Amino acid sequence: MNLKSISQLFSLHDVRNMALGAVVIFGGLALSGLTLYAHQTGKIRLAGFSAGASLLFVLLILIFIVPPLARNAGREASQMNLPFEFTTGGAVMLVLVLIVGFSAWNTGNNLLFLVLSFMIAALVVGFFAGSICLKKLDVTMRFPETIYAGQRTPILVSINNRKRFFPAFSVVVEVRGKERERSIAAVELDAILPKWAAKRLGRAPVVRRTLNHFVHIGAKQRLEAKTEHIFPNRGRLSIQDFELSTKFPLGFFRHRRRLPAREAELIVFPKIIDVAAEMENSPLELGKITSSKRGIGQDLLSLRNYQPQDDLRRIDWKATARTRQLTVREFAAEDEKRATIIFDTRIIKNRGNELPLREKIEAEQAGKPIVVSEKFESGASITASILTNFVDENAEVRLAINGETGEYGVGRSHLNAELKRLANTEPYLLAENNSSELESDLERIFNESNDNHRFLVTASETGDLSTEFAQRLKIIRY
């Protein structure tokens, strides 16, 4: 731990605000002490001057110190399971109640006491009405099997009001969860802070996703609404619970109620983009030569009796009717219609592909979408798009990530499994380019099979690769 590393957590703006806050607070305390001293010694003019200056410092504290503290306190409170919180209108109303109450007590004016009673009654009624509004509500959510980043995703939200007489009004339904186990900046914090501080700051924040706003749910009524949500980045969201909130009826309080949810994960696949330029002269056109061996092509090779492991979709019902035995079709394989896509996750650090530490923490705590490297996300999208193109062409395809190869497969289920691997992949940050690790992975992949077309999606400089590797690969840089 050193000062240079710690400075990554602060900026000149933070230091300036800290100095200004210290001056304002200690200046206010000093003036308060001076006012007390002047009153005790009978120096009226000094007491008046210091009292006026103290009010000025109080005003500065209200302007510069209180709002940031209130924002941080509100952010911390949102992570806690508090049943309610004051809204801005509620805070203003509370201040007015204190002012009117003090004035009524000081003057004894009956009209002020009447106004005060109306204001307190409004707060009490608003509090209990909002609390009753959220009782006995149940929420369920359904989402599609495949979710892609950057695309509209339909989500069905259902809410059930089990109250026999009372309806619910203006209910906002949110889902809460975590996108990762630890903060995106946890590794860097471990390197520059003590263990206890890094553990505290390195906790992954709970993120919120607003599902829908139900204006009115009648007593013993169940409503279902379809909403569309756009997930900006690939990854996963581990659902923890639902949160219901309402500001009904007067907006002075925001009541909250959290409902447990079944353990589930939303897997967001990488964004699918147009890769026509990258796929130019690709092996998609080479896999159309019919072979005399069995495979997954389109041309009929032979008919034979059904076996227990055969796909029911390949049963030829006409031939079955003629022979009175279950008969299946066998198709000719299409030569060389197999591909391996190699995704190299190695990225050089500190070359404009990484956010500063402080910006990472601020964005993450504010709930903004954040990624380790936009460049890496581009590479993941290219890889996912190439995989999708091959699967659409009914080709056998497999994905290798840093030398870890999957199985060959066809169809949407295989594609979804590979896209899930991509969704959970993180970049491997390096201090400098090292082609030896990449060549070692490539050699291991080449030794497994010798009849595949191979794509290498990488951010590394490929000029250091041997001629053999360069000739046997189609290299796509991101």
Side-chain angles (χ1 to χ4, degrees), residues 74-75 77-85 87 129-180 204-249 251 253-272 366-370 416 419-420 423:
R75 193 178 300 156
S78 66
Q79 303 290 323
M80 302 169 62
N81 192 15
L82 299 177
F84 72 93
E85 63 182 15
T87 63
S131 178
I132 294 173
C133 183
L134 295 183
K135 291 185 179 298
K136 294 186 178 182
L137 295 181
D138 300 320
V139 176
T140 57
M141 177 181 71
R142 286 181 289 170
F143 48 88
E145 182 182 358
T146 57
I147 303 174
Y148 289 90
Q151 294 185 7
R152 293 186 177 274
T153 302
I155 297 177
L156 288 176
V157 184
S158 177
I159 187 167
N160 180 32
N161 183 7
R162 294 184 286 108
K163 294 191 289 290
R164 297 182 61 183
F165 303 109
F166 296 104
F169 297 93
S170 189
V171 178
V172 177
V173 182
E174 296 177 312
V175 62
R176 301 170 70 253
K178 289 189 176 183
E179 294 180 335
R180 50 180 58 88
V206 176
V207 298
R208 300 166 177 268
R209 296 287 183 268
T210 301
L211 299 178
N212 211 335
H213 179 200
F214 293 89
V215 177
H216 175 263
I217 309 110
K220 303 181 70 174
Q221 184 181 14
R222 184 184 187 90
L223 295 180
E224 188 174 73
K226 180 180 179 181
T227 182
E228 290 187 337
H229 188 81
I230 297 178
F231 294 86
N233 301 313
R234 66 173 182 90
R236 66 182 179 89
L237 175 64
S238 299
I239 296 176
Q240 291 186 341
D241 51 39
F242 295 105
E243 182 171 290
L244 308 180
S245 63
T246 183
K247 295 180 181 178
F248 176 82
F253 302 93
R254 180 176 178 266
H255 286 271
R256 296 187 297 199
R257 179 168 172 244
R258 289 183 183 166
L259 304 176
R262 292 180 182 177
E263 290 187 8
E265 277 191 342
L266 292 180
I267 303 296
V268 183
F269 295 157
K271 184 178 181 180
I272 302 301
K368 297 178 181 177
I370 181 173
N416 291 344
L419 291 180
K420 185 176 181 179

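Model, not experiment: these values are computed from the prediction. Hydrogens, waters and symmetry mates are skipped; everything else that's a heavy atom, side chains included, is used.
Other residues, nucleotides and ligands contribute at most 12 non-hydrogen atoms within 6.0 Å of the NZ atom of K420. Within a 6.0 Å radius of CD in E228, more than 12 heavy atoms belonging to other residues, nucleotides or ligands are found.
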Decide salt bridge (charged side-chain N to carboxylate O under 4.0 Å, His left out) for E224 and R142; before the verdict, give the C-alpha distance in whole Å, the side-chain angles of both, and the deciding distance to 0.1 Å.
-> CA-CA 11 Å; E224 188 174 73; R142 286 181 289 170; 2.5 Å; yes
Verify side chain to side chain contact (heavy atoms under 4.5 Å, CB included) between V207 and K178, making sure each step is shown before the conclusion.
-> CA-CA 6 Å; V207 298; K178 289 189 176 183; 6.0 Å; no
Report the C-alpha distance between R234 and K271 in whole Å, list the side-chain angles of each, state the deciding distance to 0.1 Å, and finish with yes or no for side chain to side chain contact (heavy atoms under 4.5 Å, CB included).
-> CA-CA 7 Å; R234 66 173 182 90; K271 184 178 181 180; over 6 Å; no
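Panel note: side chain K226, backbone V157; no donor-acceptor pair is recorded below 3.5 Å. Looking at N161, its side chain never comes within 3.5 Å of a backbone N or O of Q221 through a donor-acceptor pair.
A 4.5 Å side-chain heavy-atom check between I230 and Q151 finds every atom pair outside the cut-off. Two residues are said to be in side-chain contact when any heavy atoms from C-beta on lie closer than 4.5 Å; V268 and Y148 fail this criterion. Using a 4.5 Å heavy-atom cutoff, the side chains of V139 and S158 are not in contact. Between R257 and L137, the closest side-chain pair of non-hydrogen atoms falls below 4.5 Å. Counting only heavy atoms from C-beta outward, the side chains of R162 and K220 never approach each other to under 4.5 Å. Side chains of F231 and I147 form a contact here, defined as non-hydrogen atoms less than 4.5 Å apart.
Looking at every heavy atom in both residues, A168 comes nearest to C133 through CB-O, 3.5 Å. Between L237 and G177, the shortest heavy-atom distance links the atoms CD1-C, 3.8 Å. Residue P232 comes nearest to A149 through the heavy atom pair O-CB, 4.0 Å, listed as atom of the first residue, atom of the second, then distance. K136 approaches K163 most closely through the heavy-atom pair CB-CG, 3.8 Å. Here the closest heavy-atom approach between residue S131 and residue K135 is recorded as O-CG, 3.5 Å. Among all heavy-atom pairs drawn from P260 and F242, the shortest one is O-CD1, 4.5 Å.
To the nearest 0.5 Å, the span separating CZ on F143 from OG1 on T227 amounts to 14.5 Å. Note that CZ of R256 is 10.0 Å distant from CZ of F84, once rounded to the nearest 0.5 Å. Taking CG from L244 and CD from E174, the interatomic distance works out to 9.5 Å, rounded to the nearest 0.5 Å. Taking CD1 of I217 as the start and CG of N160 as the end, the distance is 10.0 Å to the nearest 0.5 Å. Rounded to the nearest 0.5 Å, atoms CD1 (I239) and CE (M141) are 3.5 Å apart. Expressed to the nearest 0.5 Å, how far CD1 of I159 lies from CG of L259 amounts to 8.5 Å.
One finds a salt bridge joining R254 and E243 here, because a Lys/Arg side-chain nitrogen approaches an Asp/Glu carboxylate oxygen to under 4.0 Å. A salt bridge is defined here as a Lys NZ or Arg NE, NH1 or NH2 lying under 4.0 Å from an Asp or Glu carboxylate O, and R258 with D241 fails to meet this definition.
Checked options V171, V172, T210; the residue passing with S245 is V172 (criterion: side chain to side chain contact (heavy atoms under 4.5 Å, CB included)).
Residues S170 and H213 have side chains that bring a donor and an acceptor to within less than 3.5 angstrom of each other. A donor-acceptor pair shorter than 3.5 Å can be found between the side chains of S238 and R236.
Note: F169 and H216 have tilted aromatic rings, judged against thresholds of 30 and 60 degrees for the angle between ring planes. Below 30°, between 30° and 60°, or above 60°: for H255 and F253 the angle between ring planes is between 30° and 60°, a tilted geometry.
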